[in-house]
Amino acid sequence: MSNRDVTRAILEKIKEYQRIMLFRHIRMDGDCVGASKGLKALLELTYPDKDIRIVDAQTSDFLAFLGPDDGPVPDEFCRQALGIVVDTADHQRISNQQYALCREIIKIDHHIPVDHYGCINWVEEDRPSACEMIAALYANHANEMKIDTRAATFLYLGMVTDSGRFRYSGINGDSLRLAGLMLDQGVDTETLYAHLYLQDYEALKFKAYVYEHMRRTENGAAYIHVTADMQAQFGLSFEAACNAISYLEGIRDCLCWLAFIEGEKPEEGVRVRLRSRFMTVNQLAERHHGGGHACASGATVYSREEMEQLIREADADAKKYKATHQGWM
Ligand code: AMP
């Protein structure tokens, strides 16, 4: 099915329902929040009579400026609703498990497809963001859909954050044209970028600490272990601690980098964020209770030994990549 045909089928399915629930993934990020809020805003403008809700018990300090989601809904509401899940590869990672009650489900995602849980599954793994897909849905049917500055701002936010400000692979002319279409709606980028990128003084101190304590393996896997003690010392939220991964980006010869972040409950394991350039890390993540994109994945380790094992595997993967490829930096 072509991109236009699948978005047509999605729109027709949406028209069949009076009630719509939007879902996203656990550990929310700019893309899943932007895509769900952006789609909700588009649909509310286009179909003012429909009752459209986003219910998510989780929150994010970083994204709080986008405003709250809707309050809890009874199961009965879901049973009559169409569920649309954005940016979520497998059903276990959907943040509100009420999705399972919905009469039908549409999946809109840009991750490697592992779980076809929708009656319509629109998956384009080459797209840099789910927000770009929602923007494409709008662009394909602009003659019958409505948009405003607010909806465009949600979508533009996810396009910017999930693509590392339009730098990661997957960005093409279509991405920039769709981003341009959003900017044309009057997005206030100065305020948006201030919300996204201003840093607290304490966070910069933490950044300096990360640079002091990062390590690298012989073959170029850089890593940092953000312990619970460290988070207490710098007064960091878990979310702020997780940002440590971005500080390790861009070290010459280090083709992959990993951040191990301890959470409040040791029995739930240590969150691992994996990133890479040139080489891939999703298979490494899959071997440790995780998965994700070729160059951006997540995993969990359950002991010090597993953490060390994962670092050894990252080192071995980097070694193999360097031995079999040219042109890496
Ligand atoms: P993160 O480091 O949490 O931002 O994750 C990077 C990418 O990997 C995101 O696209 C996530 O959706 C995906 N991801 C993270 N954790 C997991 C997991 N446990 N299983 C599958 N995919 C994951």
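First listed ligand is number 1; within each ligand, the first listed atom is number 1.
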Basic-acidic side-chain contact under 4.0 Å: Glu249, Arg167:
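Counted as a salt bridge, because a side-chain N and a carboxylate O are separated by less than 4.0 Å.
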Might you list the protein residues in contact with ligand 1, defined as having a heavy atom under 4.0 Å from one of its atoms, sorted by chain and number?
Arg93, His111, Arg271, Arg273, Arg275, His289, Gly290, Gly291, Gly292, His293, Ala296, Ser297, Gly298
Check: Ile54 main-chain N/O paired with Lys40 side-chain donor or acceptor under 3.5 Å
no
Show every ring-ring contact (aromatic ring centres under 6.0 Å, His included) that has at least one partner inside residues 80-105, sequence neighbours left out.
none
Residues forming a side chain to side chain contact (heavy atoms under 4.5 Å, CB included) with Leu101, sequence neighbours excluded:
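Listed in chain order: Asp75, Cys78, Arg79, Gln98.
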For Thr59, enumerate each residue passing the side chain to side chain contact (heavy atoms under 4.5 Å, CB included) test, keeping only those at least two apart in sequence or located in another chain.
none
Is NZ or CZ of Lys322 both nearer than 6.0 Å to the six-membered ring centre of Trp328 and within 45° of the ring axis?
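That pair qualifies as a cation-pi contact.
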